[in-house]
Amino acid sequence: QSALTQPASVSGSPGQSITISCTGTSSNVGSHNRVSWYQQHPGKAPKVVISEVSKRPSGVSNRFSGSKSGNTASLTISGLQAEDEADYFCCSYGDGDTYVFGTGTKVTVL
Amino acid sequence: QVQLVQSGAEVKNPGASVKVSCKASGYTLTDYYMHWVRQAPGQGLEWMGWINLNSGDTKYAQRFQDTFIMTWDTSITTAYMELTSLKSDDTAVYFCAAEPGGTSRNDHWGQGTLVTVSS
């Protein structure tokens, strides 16, 4: 499977909201509600912030929310904070019981 | 709380094989899947495959079907990945990640193992 498409970078000022898109196909994002989002700080392992399109794991800030429409999933970070500056990757379950990650988005807090 | 501790960095020649371990502790990983994900320097995440820790069933990403093997040793709760016929573009940090079955959510990650392929 080809990587899901994400914007290379998104930026916002503290307190603002930003949205990151993740576009796949009818073989992955479009046909399964098993889309997750991971936050990765430099030199660290990824951390899940959203699973199953819109579920927030225990301990994750409610400033993170997810949604999906057709072949595109989205992650919104509201009330942007300095600590949110990181790389974000979407990941979708797909046909053949496999997974595919997105290309990744660098979030910059201005 | 599940903890995953991976083996240390490796340097290999092209054409060689590498085996990375991922020791799980802190919880009985019943009904878990272990995924392997890699990240080349400055690049994104790439899913490689999963192994069902109950049944031993595996699923590989198509591009790794011929060169990548995942195993699980229940007796010492350790997962292994072996990558053969190494090439320079296999240079990456390799992560193991544990998913509670059916959630498609990798809750727990190892610290990563850097594998460098260079002559």
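Proteins get letters first, then strands, A, B, ... in listed order; numbering begins at 1 in each.
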Does the ring pair (Phe, Tyr, Trp, His ring centres under 6.0 Å) test come out yes or no for A/Y38 and B/W109, once each step is laid out? CA-CA 11 Å; A/Y38 295 87; B/W109 292 71; 5.6 Å; yes
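- For A/P42, no part lies under 4.5 angstrom from a heavy atom of chain B.
- Grouping the Ile, Leu, Val, Met, Phe, Trp and Tyr side chains by contacts below 4.5 angstrom, directly or via other members, places B/V20 with B/L86.
- Using a 4.5 Å cut-off between heavy atoms, A/Q40 touches chain B through its side chain atoms alone.
- Under the 4.5 Å side-chain heavy-atom criterion for grouping Ile, Leu, Val, Met, Phe, Trp and Tyr, B/V115 is connected to B/M34 within one hydrophobic cluster.
- Annotation: side chain of A/T98 is not in contact with side chain of B/Y60 (no heavy-atom distance under 4.5 Å).
- Only the side chain of A/F89 comes within contact range of chain B, with heavy atoms under 4.5 Å apart.
- More than 12 heavy atoms of other residues, nucleotides or ligands lie within 6.0 Å of CG in B/D89, so this atom counts as buried by the packing criterion.
- Heavy atoms of A/K55 lying under 4.5 Å from chain B are absent altogether.
- For the pair A/P46 and B/L45, the minimum side-chain heavy-atom distance is below 4.5 Å.
- Residue with the most contacts toward chain B among A/A45, A/S92, A/P57, A/C91: A/A45 (heavy-atom pairs, distance under 4.5 Å).
- At a 4.5 Å heavy-atom cutoff, the contact between A/S36 and chain B is made by side-chain atoms alone.
- Under the 4.5 Å side-chain heavy-atom criterion for ILVMFWY residues, no single connected hydrophobic cluster contains both B/V93 and B/V117.
- Residues B/V2 and B/Y33 are members of separate hydrophobic clusters, defined by side-chain heavy-atom contacts under 4.5 angstrom among Ile, Leu, Val, Met, Phe, Trp and Tyr.
- When the options B/M48, B/K59, B/E99 are evaluated for a side-chain contact (heavy atoms from CB on, under 4.5 Å) with A/Y99, the one that passes is B/E99.
- Other residues, nucleotides and ligands place no more than 12 heavy atoms under 6.0 Å from the CD atom of B/Q3.
- Looking only at side-chain heavy atoms (C-beta outward), A/V48 and B/D107 come within less than 4.5 Å of each other.
- A single hydrophobic cluster is seen to contain both B/W72 and B/M70, as judged by linkage of ILVMFWY side chains at heavy-atom distances under 4.5 Å, directly or through other members.
- Residue contact with chain A, scored on non-hydrogen atoms closer than 4.5 Å, involves the side chain of B/V37 exclusively.
- With a 4.5 angstrom heavy-atom cutoff, B/H108 does not touch chain A via any of its atoms.
- Contact count versus chain A (heavy atoms, under 4.5 Å) is highest, among B/Q39, B/R63, B/Q43, B/Q62, for B/Q39.
- A 6.0 Å sphere centred on CD of B/Q65 holds more than 12 heavy atoms belonging to other residues, nucleotides or ligands.
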